[in-house]
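One structure is given below, encoded as structure tokens.
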Amino acid sequence: MKNQTVSRSPWTFIPTLYFASGVPYIIINTVSVIFYKKLGINNTQIALWTSFLYLPWVIKMLWAPIVDTYSTKRTWILATQFAMFCSLGFVAFCLQLPNFFFVSLAALTIAAFISATYDIATDGFYLLTLNRVQQAFFSGIRSLFYRLAVIFGSGFLVYLAGQLELSLNNIPLSWTLAIGFSALVLAILFIFHRLILPLPESGSQPHTQTLTE
């Protein structure tokens with residue numbers, strides 16, 4: 001007997017899944033460099049330590065079999081989204097600490113591994129919930145929303161932090177609020193995906209005609 005099939009249009013979840021993928025990536029790998037510079041960290045330390053933050057996306061294939069083997073892609077997506085919300089919230093809090101650099105850097109490193117794991121689960125979910133025609137059609141859509149997330153992170157968040165700095169005259173607080181806002185966005189997306197993502201069917205292989213997870 002078959003489990004529940006996917007009845008929702010991919011339009012209801014593919015754009016937001018890939019927007020949620022791009023937000024932490026751009027914050028961890030690009031925006032972190034900006035706020036560390038604004039918070040007075042010298043260029044040598046920034047270049048040395050933030051260069052390692054990209055590593056989880058390079059080696060994510062090492063733990064991809066774990067994501068494929070244990071639980072469902074839907075569960076991994078929700079778990080990593082919630083963990084990412086917590087991680088970015090903690091990063092925002094860390095910016096108020098005297099020793100914020102290495103504490104926030106450790107939090108960003110953990111967040112990088114979580115985000116890379118989210119990407120594994122999301123790409124797998126994409127292949128398993130969409131048929132081949134849908135996969136071809138939504139290839140450009142997912143790229144578009146990933147790029148919009150990049151604009152949100154490197155454009156809007158940086159602008160927001162700058163405006164808050166002018167109004168509050170407090171650089172650490174301005175970046176705490178900006179990164180905290182990004183964490184809030186991920187929290188909202190987590191709740192949305194908890195309600196909207198299709199439930200899995202039995203079986204773990206991508207398909208071509210029927211929709212499964």
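For the residue pair Q81 / Y118, a side-chain donor-acceptor distance below 3.5 Å is found, with atom types taken as modelled. Side-chain N/O atoms of S9 and T12 include no donor and acceptor closer than 3.5 Å. Defined by atom type and a distance below 3.5 Å, a donor-acceptor pair is present between the side-chain atoms of D123 and Y18.
In this structure a side-chain-to-backbone donor-acceptor pair under 3.5 Å is present from T176 to A92. The backbone N or O of I66 sits nowhere less than 3.5 Å from a side-chain atom of T69 that would complete a donor-acceptor pair. With hydrogens and angles ignored, the 3.5 Å screen pairs no side-chain donor or acceptor of S115 with any backbone N or O of A111. No donor-acceptor pair under 3.5 Å is formed between the side chain of R194 and the backbone N or O of L78. Judged purely by atom type and a 3.5 angstrom limit, S139 has no side-chain atom pairing as donor or acceptor with the backbone of A136. At least one donor-acceptor pair under 3.5 Å links the side chain of Q134 to the backbone N or O of N131. Without hydrogens or angle criteria, E165 side chain to N170 main chain gives no donor-acceptor distance under 3.5 Å. Not a single donor-acceptor pair under 3.5 Å links the side chain of W76 to the backbone N or O of D68. At least one donor-acceptor pair closer than 3.5 Å links the side chain of S174 to the backbone N or O of I171.
The hydrophobic clustering, which links ILVMFWY residues whose side-chain heavy atoms are closer than 4.5 Å, places V33 and L48 together. A single hydrophobic cluster is seen to contain both I59 and I28, as judged by linkage of ILVMFWY side chains at heavy-atom distances under 4.5 Å, directly or through other members. In terms of hydrophobic clustering, with Ile, Leu, Val, Met, Phe, Trp and Tyr side chains grouped at heavy-atom distances under 4.5 Å, L105 and V58 are assigned to a common cluster. In the hydrophobic cluster analysis, where Ile, Leu, Val, Met, Phe, Trp and Tyr join through side-chain heavy atoms closer than 4.5 angstrom, I34 is grouped together with Y54. Using a 4.5 Å cut-off between side-chain heavy atoms of Ile, Leu, Val, Met, Phe, Trp and Tyr, with links allowed through other members, F101 and F52 fall into the same hydrophobic cluster.
Using bins of under 30°, 30° to 60° and over 60° for the plane-to-plane angle, the ring pair Y25/Y146 lands in the tilted bin.
At least one side-chain heavy atom of L39 sits under 4.5 Å from a side-chain heavy atom of P172. Looking at V133 and F137, their side chains never come closer than 4.5 Å, going by heavy atoms from C-beta outward. Side-chain atoms of L173 and L164, non-hydrogen and from C-beta on, never get closer than 4.5 Å to each other. Counting only heavy atoms from C-beta outward, the side chains of W175 and V158 approach each other to under 4.5 Å. At a threshold of 4.5 Å between non-hydrogen side-chain atoms, the residues I141 and P15 count as touching. The side-chain heavy atoms of S32 and I27, taken from C-beta on, include no pair separated by under 4.5 Å. Side-chain contact between P198 and F13: present, with at least one pair of heavy atoms (C-beta onward) separated by less than 4.5 Å. No side-chain heavy atom of Q135 sits under 4.5 Å from any side-chain heavy atom of R142.
The six-membered or imidazole ring of Y36 lies away from that of W49, with a centre-to-centre distance of 6.0 Å or more. You'll find the ring centres of F152 and F19 inside the 6.0 Å limit. Between F85 and F190, the distance from one ring center to the other does not fall under 6.0 angstrom.
In the displayed structure, F102 atom CZ is contacted under 6.0 Å by more than 12 heavy atoms of other residues, nucleotides or ligands.
The CZ atom of F125 sits 8.0 Å away from the OG1 atom of T72 when rounded to the nearest 0.5 Å. Summarising the geometry, atom OG1 belonging to T30 is positioned 11.5 Å from atom CG belonging to L157; distances are rounded to the nearest 0.5 Å.
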Kindly determine whether W63 and T117 satisfy side chain to side chain donor-acceptor pair (under 3.5 Å), including the steps that lead there. CA-CA 8 Å; W63 64 91; T117 305; 2.8 Å; yes
